[in-house]
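Notes for the one structure printed next.
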Amino acid sequence: MEKVKTICPYCGTGCSMSLSVQDGRIIEVKGDKDHPISQGELCLKGYYGYKHVSDNRRLTTPLIKRNGNFEPASWDEALNYVAGRLTAIKKEHGSDAFALFASARATSEDNYAAQKFARAVMGTNSIDHCARLCHASTVAGLGMTVGSGVMTNTIPEIGSDSDVILIIGSNTAECHPLIAKQVIQAKKRGAKLIVIDPRWNDMANKADIFISMRVGYNIPIINAMIHTIIKENLHKPDFIAAHTMGFDELARSVEDYSPENAQYMTGVPQQTLIDAARAFANAKAACILYAMGITQFTHGTANVVALSNLSLITAQIGRPGAGICPLRGQNNVQGACDLGALPDVYPGYQRVTDEKVAAQFEAAWKVPLSRKPGTRVTQVPHAIEAGTLRSLFIFGENPLMSDPDSGELRHAFEHLDLIVATDLFMTESARQAHVVLPASGWPEKDGTFINTERRVQRVRAAVPAPKDAKPDWWIFSELAKRMGYTGTGSAGMNYKDAEEIWNEVRQLAPATFGGISYARLENEPGICWPCPDEKHPGTQVLYKDGLFLTPTQKAQLLPVLFDPNELPTEKGIVFEKPLLGHIAEHVSAEYPFLLTTGRRVQHYHTGTMTRKSPMLELLSPEELIELNPADAQEVGVSEGDFIRVETKRGHIVARATVTDRVQKRTIFGTFHYWEACCNELTSAGELDPICGIPEYKISAAKVARSSPAEAAEWIKTIGAIYKVDMQSAGAQLTAP
Ligand SMILES: Nc1nc2c(c(=O)[nH]1)N[C@H]1C(S)=C(S)[C@@H](COP(=O)(O)OP(=O)(O)OC[C@H]3O[C@@H](n4cnc5c(=O)[nH]c(N)nc54)[C@H](O)[C@@H]3O)O[C@H]1N2
Ligand SMILES: Nc1nc2c(c(=O)[nH]1)N[C@H]1C(S)=C(S)[C@@H](COP(=O)(O)OP(=O)(O)OC[C@H]3O[C@@H](n4cnc5c(=O)[nH]c(N)nc54)[C@H](O)[C@@H]3O)O[C@H]1N2
Ligand code: SF4
Ligand SMILES: [Mo]
């Protein structure tokens, strides 16, 4: 039996694991004892989530759709076909008629190849990925304030250094379980935990101060904390004067947010807000952990800026255990962003609009490059409807289940001339494609993943890929060659392995990755960037010297106001353009429930991988919409009964679970199950005006009692829409 060390393919915590391999198959997975985060442990998905690797539903050969049916093809045939069609589309409709969804699940090297293909071969910056749906608000918000949208500290510092931990809008226990473990370690040391969340999640159970608020009402709470801190002189004037700008405007902007006013707006007892503010400001080292309960709003950027204000005025940044920690979601979403799978930046966050930068990449890649920022994921449906986007390459995403308003996107997809999908499985999205290409997965290829703390870690091939499946970088390289991009070195894509790609990355983004070689990664448990040279140990804590990454090197404080519509009008504070907390969709007499969406510990996103694990499927076989006991009584349902949930976009039928984890008039659902995916219900209409993120956390819904008969009908309907092969989907369908 062979043991291979690699990195977990699920969340951004980035646990290191040891795979036991026998006869080319993984037979067991263990946590790596020598790793600073795993410390010998993993969560449920880490232990049981590997079964998909040898599942007989894996894609094993390229497929081309002919007369509505997929037919197997050789790689040569499939690649020539795609290359020919893309060349024709580019010639006829221009470079921007093409867009590429990249993959935060695949390696950094795969993502580098994808963005190089889009830019150097297709001639467009229209490459984006799920970060748009996730931490786009962070990238924009922290970009505006401290100059960079990354986590300022590392995960082990939470366990060893933080003495106050503020968790806001993160279900850490279920979504970043091994980070939650650090929080527990900190608590054992005597650290205080403040949790702000509308849902009674597992972290709330462990909190010293739990602030349960209405979904979307973060700003009044954060502003009330800032108000209290300034009123009680708990802020740090020296740090503020030396390292920030805009304090006076910020102080003026929070005048209206007294704890009394905030109590009036949010229902949170004012004393609780005061206690939280004092604990945070007085801590020796306080960190903020946040995730989708902050970012996924049409005012996500404003939320992030409000948190940044809190951190900066208390100088809770730039020391071990003190900082702002956006918990990045996917195993390699940090890597996909760092490597330029975004429509406005090259690898290393170098702007496509910056003439000097563009000229540098033109010199390296030896092709003319576009200076125009590309289409974002959330702009894609509109670009298709406008007829400007004709072709979409979906590399390792499942947008028909994960993007908002699935119905609208399905409709848009029908108008595309060419959809190409690469995946491990025939996903809901792949079924709508014209060509499907089989990708090798995480235990079948070499490369790197970059976790939420900027730790670059090595992923290693441990088992053979099924039949014809290939690494994604190979697929992009082959297409590039067939489309005439045939130079050598960085002037082409003729790569022999992942390491060669990584070394090109190091050359083109030296300040970030220059010192991180594959050789070093063999001996070190990952290296946190920036790491400019081989002697550099990597960077754990950012901004230690108080120098921020803004042009002035000072952090920017910015007023953030809140006006969801029905609340007290502004009292005389006038700003040029304050960031504003505004909510797009409100509950009404017709749609009286607030639907909020998210995740459960056993499953991962659209379930393509975790739902192939018998253990995880046993633990969580079907969607269970959370409904408060008082509402359940009113709707007339008990635990396990079927309900019908409807919004302006569409409806689903699923079982209800009755629980006071959710507040009255709030329901919670996930996007793990195609049988009842909440994105049939969410809205793609209004987006955050700055970063383009949708409001996944709020939809207005109506809820009605349903029946087993209606549920059985619904499964047939949605199964047909998704073209699900009911037999291979397994037996665990919601229908009775
Ligand atoms: N098991 C599992 N783990 C995962 C994933 C998965 O699919 N499954 N996905 C990964 C990815 S990509 C991501 S982005 C992360 C997401 O990780 P999280 O963001 O932790 O996950 P969510 O379930 O989206 O919920 C966020 C929390 O925000 C709360 N919330 C909702 N609205 C508000 C609000 O207005 N204010 C506040 N303060 N809180 C609010 C919810 O109640 C919930 O507790 O998880 C990663 N880890
Ligand atoms: N309602 C609602 N919707 C949401 C969210 C929410 O909170 N609420 N959260 C949003 C967030 S934060 C995120 S990150 C997105 C996630 O959205 P997606 O990224 O679309 O979701 P996944 O199911 O992770 O899809 C990844 C796909 O990549 C495939 N894959 C895995 N490894 C590889 C590989 O190496 N190569 C290739 N080619 N394919 C691979 C998997 O099989 C899977 O089909 O969902 C968003 N959608
Ligand atoms: S915490 Fe995240 S990285 Fe660690 S084992 Fe669980 S899913 Fe994998
Ligand atoms: Mo995410």
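All ligand and atom numbering here is 1-based and tracks the order in the structure.
- Assignment of Tyr290 to the shell around ligand 1 is not supported, since no heavy atom sits closer than 4.0 Å.
- A salt bridge links Glu680 with Arg410: the closest approach of a Lys/Arg side-chain nitrogen to an acidic carboxylate oxygen falls below 4.0 angstrom.
- Not a single heavy atom of Arg328 sits under 4.0 Å from any atom of ligand 1.
- Close approach to Glu174 involves these atoms of ligand 1, each under 4.0 Å from a residue heavy atom: 1 (N), 2 (C), 3 (N).
- Contact atoms of ligand 2 toward Lys697: 7 (O) (distance under 4.0 Å to a heavy atom of the residue).
- Ring to ring, Phe393 and Phe476 are close: their centroids are under 6.0 angstrom apart.
- Annotation for ligand 1: atoms under 4.0 Å from non-hydrogen atoms of Pro198 are 30 (N), 31 (C), 32 (N), 33 (C), 34 (C), 36 (N), 37 (C), 39 (N), 40 (C).
- Atoms of ligand 2 found under 4.0 Å from any heavy atom of Gln296, numbered from 1 in the order shown, are 5 (C), 6 (C), 7 (O), 9 (N), 10 (C), 12 (S).
- The part of His603 lying near ligand 1 is the backbone, judged by heavy-atom distances below 4.0 Å.
- The residue from Ser402, Cys175, Ala104 that puts a heavy atom closest to atom 3 (N) of ligand 1 is Cys175.
- Annotation: side chain of Thr60 is not in contact with side chain of Asp468 (no heavy-atom distance under 4.5 Å).
- Remark: among candidates Met292, Arg600, Arg214, the nearest residue to atom 1 (N) of ligand 1 is Arg600, based on non-hydrogen atoms.
- Ligand 2 is approached by Arg599 to a heavy-atom distance shorter than 4.0 Å.
- Every atom of ligand 1 with a heavy atom of Phe297 under 4.0 Å away is listed here by number and element: 32 (N), 34 (C), 35 (O).
- Here Pro9 has no heavy atoms under 4.0 Å from ligand 2, in either its backbone or its side chain.
- An N or O contact shorter than 3.5 Å links Lys445 to ligand 2 by distance.
- At least one N/O-N/O distance between Gly396 and ligand 2 falls below 3.5 Å.
- The backbone and the side chain of Thr422 each have at least one atom closer than 4.0 Å to an atom of ligand 2 (non-hydrogen atoms only).
- Leu561 is listed as a side-chain neighbour of Tyr257, based on a closest heavy-atom distance under 4.5 Å.
- Residue contacts with ligand 1, taken as heavy atom pairs separated by less than 4.0 Å, involve Asn201 solely via side-chain atoms from C-beta onward.
- Distances shorter than 4.0 angstrom do not occur between any heavy atom of Met203 and any atom of ligand 1.
- Across the listed options Asn218, Thr606, Val333, Thr610, Asn218 owns the non-hydrogen atom lying nearest to atom 38 (N) of ligand 1.
- For the pair Ile450 and Asn332, the minimum side-chain heavy-atom distance is below 4.5 Å.
- Both the backbone and the side chain of Cys134 come within 4.0 Å of ligand 2, counting heavy atoms alone.
- Not a single heavy atom of His135 sits less than 4.0 Å from an atom of ligand 1.
- Heavy atoms of Cys678 found under 4.0 angstrom from ligand 2 belong exclusively to the side chain.
- At a 4.0 Å heavy-atom cut-off, ligand 2 touches Thr608 through the side chain alone.
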